[in-house]
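In what follows, a structure is listed as structure tokens, so that the remarks can point back to it.
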Amino acid sequence: ALDVNGIRYSTPSGAARAVAATSANGWWFWLVDPQSKRSLHDLWREYMEQRDVEMEDEDPPDDED
């Protein structure tokens with residue numbers, strides 16, 4: 001979940017839509033490091049690789065996409 005201005009969103013995309021006022025893939029929208037442009041998606045992918053989890057899909061699940 002992500003909290004944006006005190007409102008809790010269950011998915012990154014839901015929070016991104018609230019901020020961007022348009023459809024947005026939250027996994028790419030949110031940056032965990034603006035200087036390097038490292039996205040939430042990059043963080044998820046690194047996490048999955050560290051766990052040696054085979055991914056069927058390139059993107060993490062997001063119920064609101």
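Not measured: the values here are computed from a predicted model.
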Query - Phe29 reachable from Tyr47 in the ILVMFWY side-chain graph, under 4.5 Å edges - result: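 In one cluster with Tyr47: Phe29, yes.
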**Report entry** Joint hydrophobic cluster, Leu43 plus Trp30, side-chain heavy atoms closer than 4.5 Å
**Finding:**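 Yes; Trp30 is reachable from Leu43 via cluster members.
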I'd like to check the side chain to side chain contact (heavy atoms under 4.5 Å, CB included) partners of [X]; sequence neighbours left out, ordered by chain and number.
{"X": "Asn5", "answer": "none"}
{"X": "Ala18", "answer": "Tyr9"}
{"X": "Arg8", "answer": "Ala1"}

What's the spacing between [X] [atom1] and [Y] [atom2] if we round to 0.5 Å?
{"X": "Glu49", "Y": "Trp44", "atom1": "CD", "atom2": "CH2", "answer": "9.0 Å"}
{"X": "Thr11", "Y": "Asn25", "atom1": "OG1", "atom2": "CG", "answer": "9.5 Å"}
{"X": "Leu40", "Y": "Leu2", "atom1": "CG", "atom2": "CG", "answer": "7.0 Å"}

Query - Backbone of Ser39 reached by a side-chain donor or acceptor of Trp28 within 3.5 Å - result: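 The answer is no, because no donor-acceptor pair under 3.5 Å joins these two groups.
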Report task. Side-chain contact test, heavy atoms from C-beta onward, threshold under 4.5 Å: evaluate it for Val4 versus Val19 and give yes or no. Result ->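 With C-beta onward as the side chain, the pair touches.
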**Report entry** Check ion pair Arg38-Glu46 (N to O, under 4.0 angstrom)
**Finding:**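 Salt bridge between Arg38 and Glu46, a charged N being under 4.0 Å from a carboxylate O: yes.
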Query - Closest contact, heavy atoms only, Asp33 versus Ser36 - result: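 Taking Asp33 first and Ser36 second, the nearest heavy atoms are OD2-OG, 2.9 Å.
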Requested in this report: Grab the two heavy atoms, one from Ala24 and one from Ala16, that are nearest each other, plus how far apart they are.
Outcome: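 Where Ala24 meets Ala16 most closely, the heavy atoms are CB-CB, 3.8 Å.
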